Amino acid sequence: MSPSNFLSLLDSQSKLYLGFQDLSTLIPSYLHRLKLCTKHQAPSNAKKIHAQIVKSGLNQCQPLPNTLLNVYGKCNLPQDAQCLFEEMTQRDHVSWASILTAYNLAKLPNKTVSIFHYMFTIDRLQPDHFVYATLLKACASLCALRLGKQVHARFVLSPFVDDDVVKSSLVDMYAKCGLPSIARSVFDSILVKTSVSWTAMLSGYARSGLKDEAMELFLRAPARNLYSWTALISGLVQSGYCIDGCYMFIEMRREGVDISDPLVLSSVVGACSNLAVLGFGRQTHGLVIGSGYESCLFISNALVDMYAKCSDILAARNVFYRMLQRDVVSWTSMIVGAAQHGRAEEALDLYDQMVLAGVKPNEVTFIGLIYACSHAGLVIKGRKLFKAMIEDYRISPSLQLFTCFLDLLSRSGHLNEAEDLIKTMPHEPDEPSWAALLSSCKHHGNSEMGLRIADRLLNLNLLEPSTYVLLSNVYAGAGKWEQMSRVRKLMADMEVKRKPGYSSVDLGKESQVFHAGETCHPMKDEIFNLLKELDAETRKRGYVPDTSYVLHDMEEQEKERELFWHSERWAVAYGLLKAVPGTVIRIVKNLRVCGDCHAFLKLTSSIVHKEIIVRDATRYHHFKDGRCSCNDFW
DNA sequence: ATCAAGTCGA
């Protein structure tokens, strides 16, 4: 046989003789199988198919590498996606969009923005509309406004300037960066608005606290789905409109929207925490169980926090110990909850269990722990924890954590050490940190240091009314009348801007709200008489009204009358009149409990032999037998 | 191949 004949035979019959086949015919089957991997979130199958593709030598044969890249991204395997991406000899726009999406999905937006410029420097490609959208998404999650604006500028000059999807991501980027009005102008320029565009804008308004704009947009939207309801409700809750958030959730239920995803529930549970509404919180818990999300980790975390914030530590513990898995948030919620309710031992015990369970604590955990030590006077333990945090867990403490530690040192009387720390710590001290130190100076009677710190505080732009009260007391105690009148003047200016106080009392089935100075209530006379009786009895036991908490300038007797009308007293009196014997009285106040009411409530708890729990704007007070769980620092 | 919703702190 001549060589040419042999070659032609080989060409036509090689498949038969040598087992060769045209491998490119396998591509459609690979693609199909890979798409199934994405659909069923089966990364291990994808890896097997990947191996087969490499064996067959088709691994550089598009669209296989791009599809593989996509599958790894969608299955949340950014490292595998990255390896593949780097090995690719020919990368196109699809490869780039896929790798950037993989990083976004894996919550690595930093990676997205740090590699995208290689798209033009190495691969000589210009971004297309897909790449613009992924980039803007990364900017949105990083709140990277400067970069976002640069991408916007480039997009406007690109051939894709009319792309509505990119515009939706621009809306989201500006909304997340806190610029809802710019987001709105982009939103208005979208020709065909989808539910994504509407939700992005809605969420922007709601999170920025623009309640009316959010509601208007929500009502105007052509359709509503679980996304838009969740965006509205969570946005309202995040910007402090918890009552509106709960109300809209009730509306959502009324419309019969199927809760096919538990995200919205975590927001509603969060709203219950903020409002400390135990009854509604319990109902929401019931709904969580009813919709089958009881075992969902982040919902359980939210429930633990909710019960702790509603002062129902038993219920919090119940949810916590029934959880099948617990992450750092679960443990931290319990630790912080115990700490805030003055249960230092329990908080420290939980920490030991947490370490044993192999869960790594974070900064929030240590805030809870140091806070617990601070309130129980456990200086040595607190110092140990602070050290362990830095050395064992490599956490560099934030200003808040330093403030917490400063509080621990100074409360326990280590004033000089605390002052050294505030001067040498790697942060500029703020109002809370100086105030913590000053409060301890006053408590331990160090007026020399107190005055030094007071003068520093006076130079700051103070936000907390309690800081003014503290300053005024320190100056008064030292006879510095000039400074004191200056503080009083600042306080009077501030009083105008203060929001009105109210307290609500939770009696299980009903709850009542009392506003400061409220005079018309059906049970006004009974409440008034009870308060007068309690006033007389507490005075017998040594209570003297401390009128330094009254910010108005008026006569002493007027001031005492003013204290008498504080809303928490009325809520407690009402609770005492109506509560079933043997139950605790739960009060929620929107402002901080003033020092005078604090002293009054301590004595009241021993007179009526009842536990009174008050949650104020900053902490929890369990009044029992004449004592308070906050240890009288607040 | 791209864009929308959630949970822990002084």
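Here the structure is a predicted model, which is why all the values come from computation and not from measurement.
Distances were taken from every side-chain heavy atom of A:Val336 (C-beta onward) to each of B:dC3, B:dG9, B:dA5; the shortest belongs to B:dG9. Checked against B:dT2, B:dC8, B:dA10, the side chain of A:Tyr371 finds its nearest nucleotide in B:dA10. Among the nucleotides B:dA10, B:dA1, B:dA4, the one closest to any side-chain atom of A:Val196 is B:dA4. For A:His93, whose side chain is taken as the heavy atoms from C-beta onward, the closest listed nucleotide among B:dC3, B:dG9, B:dA1 is B:dA1. Residue A:Lys176 has its side chain nearest to B:dA4 when only B:dG9, B:dT2, B:dA4 are considered. Closest to the side chain of A:Ser333, out of B:dA5, B:dC8, B:dA10, is B:dC8. Listed candidates were B:dA4, B:dA1, B:dT7. Nearest to the side chain of A:Lys74 is B:dA1. With distances taken from any side-chain atom of A:Pro432 to the nucleotides B:dT7, B:dC3, B:dA10, the minimum falls on B:dA10. With B:dA5, B:dT2, B:dG9 as the choices, the nucleotide that has an atom nearest any side-chain atom of A:Ser234 turns out to be B:dA5. Listed nucleotides: B:dC3, B:dA5, B:dA10. Nearest to the side chain of A:Thr134: B:dC3.
The base of B:dG9 sits within donor-acceptor range of the side chain of A:Glu363, with an N or O pair under 3.5 Å.
Taking the six-membered ring where the residue is Trp, the centroids of A:Trp96 and A:Phe85 are separated by under 6.0 Å. Residues A:Trp331 and A:Tyr351 keep their aromatic ring centres 6.0 Å or farther apart.
Residue A:Leu369 contributes atom CG, which lies 18 Å from atom P of B:dC8 at whole-angstrom precision. The distance between atom OH of A:Tyr293 and atom P of B:dA5, rounded to the nearest whole Å, is 18 Å. With rounding to whole Å, A:Met201 atom CE is found 13 Å from B:dA5 atom P. Protein atom NE2 of A:His427 is 17 Å distant from nucleotide atom P of B:dA10, rounded to whole Å. Rounded to whole angstrom, the span from the CH2 atom of A:Trp198 across to the C1' atom of B:dA5 amounts to 17 Å. In this structure, CE of A:Met425 is placed 13 Å from C1' of B:dA10, rounded to the nearest angstrom. Rounded to a whole Å, the CG atom of A:Leu350 is 14 Å from the C1' atom of B:dC8. The distance between atom OH of A:Tyr72 and atom P of B:dA1, rounded to the nearest whole Å, is 17 Å.
A:Ser330 and A:Asp327 are linked by a side-chain donor-acceptor pair at a separation below 3.5 angstrom, with hydrogens and angles left out of the test. Side chains of A:Asn362 and A:Thr365: a donor on one and an acceptor on the other come within 3.5 Å.
At the heavy-atom level, A:Asp261 lies under 4.0 Å from base atoms of the strands shown. No engagement by A:Asp164 is indicated, since no non-hydrogen atom pair under 4.0 Å with the nucleic acid exists. A:Asn70 comes within 4.0 angstrom of the backbone, heavy atoms only, and of no base. Among the protein residues, A:Tyr227 comes within range of the nucleic acid bases, having at least one heavy atom under 4.0 Å from a base atom. Looking at heavy-atom distances under 4.0 Å, A:Val165 makes contact with a base. Residue contacts shown for A:Ser195 include a base, since a base heavy atom lies under 4.0 Å away.
Using a 30° and 60° split on the angle between ring planes, A:His375 and A:Tyr371 fall in the tilted class, from 30° to 60°. Ring-plane geometry between A:Tyr393 and A:Phe366 is classed as tilted, the angle between the planes lying from 30 to 60 degrees on a 0 to 90 degree scale.
At the phosphate of B:dA5, neither OP1 nor OP2 sits under 4.0 Å from any side-chain N or O atom of A:Gln238. Phosphate contact (OP1/OP2 of B:dG9, side-chain N/O of A:Lys309, threshold under 4.0 Å): present. Contact annotation: A:Lys167 does not reach the phosphate of B:dT2 (side-chain N/O to OP1 or OP2, under 4.0 Å).
The only member of A:Lys211, A:Arg184, A:Glu213 that meets side-chain hydrogen bond (donor to acceptor under 3.5 Å, both in side chains) when paired with A:Tyr205 is A:Arg184.
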